[in-house]
Amino acid sequence: MNLYSLKMRASKSQDGIEKHISGAEKITGEDSLFIYSKALLTRALYHSKGKADFINIKIEKVNQEDILFLDALPVTTVNVSSYQDGIQKLLAMLEKIGITNASAVLEKLKDTYNMRGAMLLNVDTLERLEPNKDRGIRATYMDEVNSVMKKKDTKDHYNEAIVLATKVAYAPNIIGEICISDDPDYVTGYVASKENGYMRITKLKEMGSEDGGRIFLYRGDHSKVQDCIDYIEKREVLVKNISSILNKPYKTEESTKNKWNFIDKALENLKYNNLYRTMNEIKSAQSAHVTFQGKEMIMMASNNYLDMSNDSQVKAYALKAMGKYGVGSGGSRLTTGTINLHNQLEELLAVFKGTEAALVYNTGYMANIGIISALCSKDDVIFSDELNHASIIDGCCLSKAKIVVYRHNDMNDLEDKIKQNPCSKGLVVSDAVFSMDGDIVNLPQLVEIADKYGLFSMIDEAHSTGVIGENGRGTMEYFHMTRNPDIIMGTLSKAIGSEGGFVCGKQELIEYLKNKSRSFIFSTSLSPAVMAASIKSIELIMDEPQRVQALQENIQYFCNCLREAGIEADSETAIIPIIIGDEKSAMEISRELFEQGYYISAIRYPTVKKGCARLRVALMSTHNKDELKRAARVIAAIVNRYKRMREYV
Ligand code: PMP
């Protein structure tokens, strides 16, 4: 089989300067050349650092006899609690390989921050040996053996780093290498040498810092400098036996009893699987437009569906309450934490939902865990939709009841499961509007089935309150039902724009929960300003139904725009999912949308199933039609491009 070296470099021009985006290479058989070329091209075109302006793909035939096979350096992980600790470990490691001026050597790393390649440094004289100081030395013509034989995934950064470190470790007169990534989210770096292997140090810089670089550590007279550079830049190397960090427990230099190991490992695995989460800091009120990272963006990810969170009347009323009652509530509801605003809000909620009574919890999450665990216990059975919100799932677990999960919104499956699991006391529980799919529960049938078998029925109206039904009263209004489910739970944190959770139902249910629901009883109640905001917001929704109508019109309009642009979309709720599939593409699409001024979140495992990552568009009543039309076009252009690319690769 003919072998080829395949290389890709991608860059973009930024403020007149060529900025590196991505680089990768493979040594591969002729039969895999086509597929790898496309994969590397894809990587260049759709990289999270942006779109490439220049892409260089170079393919050269490699003489099999010229290939040097090397065993991968053994990997050791050193877990450290701070980057300062990490630096100390790195210096100690340099000393171990005979470098006496380790701090001065490390200091030189700063000079590499803007270089594409590595610095070649004489560790004794601190002289830089690379002929072109801007470019540095680039290690190329290398790959892992598996990649030739097994067509491995091309995006394996961990393996790529070990391949490079192994090749460099065997270069003439090289005694080691230091590498810190310039990726602001990746703080792990390494020091590698032939003698001591590849030592990963879990923290070598502050999170968020883009300071990274690479030094090849040279020792000896300079007669071998050219040989060293030629080897690193030109010799074909294939590396064997790379051990996986994911399947094997870490070999740590320190005691294996280090209690922090599991955390470091868990975080590392999350990053490796594109599941690591960070928080975004928004610098303005949460409204249809927000300020994020210094620029104005269209917010299409917020649950503030009716924009009540930033409504001037709501804010004024909350301020007034704060002036009168102060900021904190001072106690839990059953001690000193009930003021007239708490009672007023509960009365209003009961009217809004058409029930006898209501009870406010501090969050929707606390409401779900508190209600379910108070109603059910170990001899009971809970029938729960497979896509129910995490707070319902946690409530079910907390109750210790038997949990039977039925297929999503499948009432036949629900009934079958009820027949298979007879019980003297049980509950059927479902999201009303599913938080990641935006579809609506078949409530009339759910209630009918629960009634038929003498079970409690419960729905979570987090995303239906203020959104569906002619006046935004939720699912019962949407279905024109006369029989309510037994337990109507909801949140005040979404369309109501404030904070808190609630439950509406019969008076006796509410009395029971006041006495038995631990998350209600054992937590300081919500503050007066929050209560006032919820009251004013619900009053406005009741008095001005045009707010809900504006949201419902926007939903229809935006779905039409998406369909016209070739994206499947059919939602009656403010949640419009656009399914992407793999986590990485979803993240990249979301990042591209951010760059274009659209704040749209990518939702991935564990919030949704693995491989079902999606964009979750959330609309507001205050988005205007023009911006929705433009948004639909931009989203469709990016998503369709990814789809085409995936079909092709
Ligand atoms: N239920 C559902 C369906 C939700 O989506 C959420 C919030 N994402 C909650 C409950 C929890 O509500 P809160 O944020 O008020 O705790």
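Atoms within each ligand, like the ligands themselves, are counted from 1 in listed order.
At under 3.5 Å, not a single nitrogen or oxygen of D431, backbone or side chain, sits near a nitrogen or oxygen of ligand 1. Remark: ligand 1 and N303 share no N or O pair separated by less than 3.5 Å (distance only, no angle test).
Y406 and F383 have their aromatic ring centers separated by at least 6.0 angstrom.
To the nearest 0.5 Å, atom CD1 of residue I589 and atom OH of residue Y598 are 15.5 Å apart.
In this structure the side chain of F502 never reaches within 4.5 angstrom of the side chain of E346, judged on heavy atoms. Contact check for I576 versus L619: side-chain heavy atoms found under the 4.5 Å cut-off. Contact check for I371 versus F520: no side-chain heavy atoms found under the 4.5 Å cut-off.
With ligand atoms numbered from 1 in the order given, ligand 1 contributes 1 (N), 2 (C), 3 (C), 4 (C) to contacts under 4.0 Å with heavy atoms of A462. Of all the atoms in ligand 1, the ones that sit under 4.0 Å from a non-hydrogen atom of T363 are 15 (O), 16 (O). Those atoms of ligand 1 that come under 4.0 Å of a heavy atom in G364, given as number and element, are 11 (C), 12 (O), 13 (P), 15 (O), 16 (O). Atoms of ligand 1 lying under 4.0 Å from any heavy atom of T491, numbered from 1 in the order shown and given with element: 12 (O), 15 (O). Those atoms of ligand 1 that come under 4.0 Å of a heavy atom in S493, given as number and element, are 13 (P), 14 (O), 15 (O). The atoms of ligand 1 that sit less than 4.0 Å from any heavy atom of Y365 are 11 (C), 12 (O), 13 (P), 16 (O).
Looking at H463 against ligand 1, only its side chain comes within 4.0 Å, counting heavy atoms.
The closest protein non-hydrogen atom to atom 1 (N) of ligand 1 is D460 OD2, 2.5 Å. Of all protein heavy atoms, the one lying nearest to atom 7 (C) of ligand 1 is K494 NZ, 2.5 Å. When hydrogens are left out, the protein atom nearest atom 9 (C) of ligand 1 is H389 CE1, 3.4 Å; that is the closest non-hydrogen contact.
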Between K536 and E539, is the salt bridge (Lys or Arg N to Asp or Glu O under 4.0 Å) condition met? List the steps.
CA-CA 5 Å; K536 181 50 81 184; E539 283 175 355; 3.6 Å; yes
Apply the test ring-ring contact (aromatic ring centres under 6.0 Å, His included) to residues F434 and H408: give CA-CA distance (whole Å), side-chain angles for both, the deciding distance (0.1 Å), then the verdict.
CA-CA 10 Å; F434 289 85; H408 175 51; 4.3 Å; yes
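Ring geometry for F594 versus Y599: interplanar angle of 30 to 60°, hence tilted.
Proximity of S391 to ligand 1 is established by a heavy-atom distance of less than 4.0 Å.
Both tests hold for K625 against Y557: distance to the six-membered ring centre under 6.0 Å, angle to the ring axis within 45°.
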